[in-house]
Amino acid sequence: MVNPTLKRLASPVLDPIGSALLMSRAADMGYAYRHGPRTQRRVALTFDDGPVRGGTEAVLDMLGESGVLGTFFCVGANTIMHPEVIRRAYDAGHIIGAHSMNHGRTGAVSPTDGTHIDDCLRELRAAMGKTPALYRPPWGWMTPWEALRLRRRGLHIIQFDVETPDSAVPCPPGDEMCAWTLPRVRPGSIVVFHDGKTHAERHDKPETARALRLLIEALRRQDYELVTIPDLLGVPAYQD
Ligand SMILES: [Zn+2]
């Protein structure tokens, strides 16, 4: 375990370097999807770092009211804490993908250790009875050996091309987030929101829910169809 103080001091320096190196196409060997076909006005809304009480539930309420299905990339440790939230999302028809066991930075970098993947798949299977076929790396960090590890486990790597600013602290107002995000969306875009927080019992995200409602309305006015990742990319949601 890394000393927390050391980690806090090192992160502002090492995280941008890690992101520059590990979010490139070279890092994933071209295996990761960043968007779908640019020829159709279809967009996938995705949600990272849940499940939690509060944030995930508000997003599920909003998607339900809007009649939209989303794709949730879930943390294994949170799944142990909130299996009922996963089941609610799954039962409503949303797609559940994996987002590692503890959202650590080092999992993708480790040359041999795949437990961050396997433990997450096990917990998601325990919660919903299905093994995900979709994986989003925490921090977006990938390495060639992590890409091979994921492929060997039957997982499709799902990155994104539009990241909403909803993980900023403090979280911006929903209308500002929508205004920032909307012009960046193109046909085929994969949009990321954050509905949860690693290891949180409860994490409220009212501005994310507000931005989501405004974005759905605005995209529909622009004749976009809102679809899940399997629909956008033509890949399976689950392995069984
Ligand atoms: Zn994440």
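Counting from 1, the numbers follow the sequence of the chain as shown. Read the numbers this way: they start at 1 and go in the same order the structure lists the ligands and their atoms.
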Can you tell me how the ring of W141 sits relative to the ring of W139, calling it parallel under 30°, perpendicular over 60° and tilted otherwise? tilted
So, 2.8 Å as the limit: is an N/O/S atom of H194 located closer than that to the Zn ion (ligand 1)? no
How about D49: does one of its N, O or S atoms come closer than 2.8 Å to the Zn ion (ligand 1)? yes
Taking everything shown except R220 itself, do over 12 heavy atoms lie less than 6.0 Å from its CZ? yes
Looking only at N, O or S atoms, which one in H99 sits nearest to the Zn ion (ligand 1)? NE2
Using the benzene-type ring in the case of Trp, are the ring centres of Y238 and Y90 under 6.0 Å apart? yes
The test is side chain to side chain contact (heavy atoms under 4.5 Å, CB included); show your working for M177 and L214 and say whether it passes. CA-CA 9 Å; M177 281 200 278; L214 294 170; over 6 Å; no
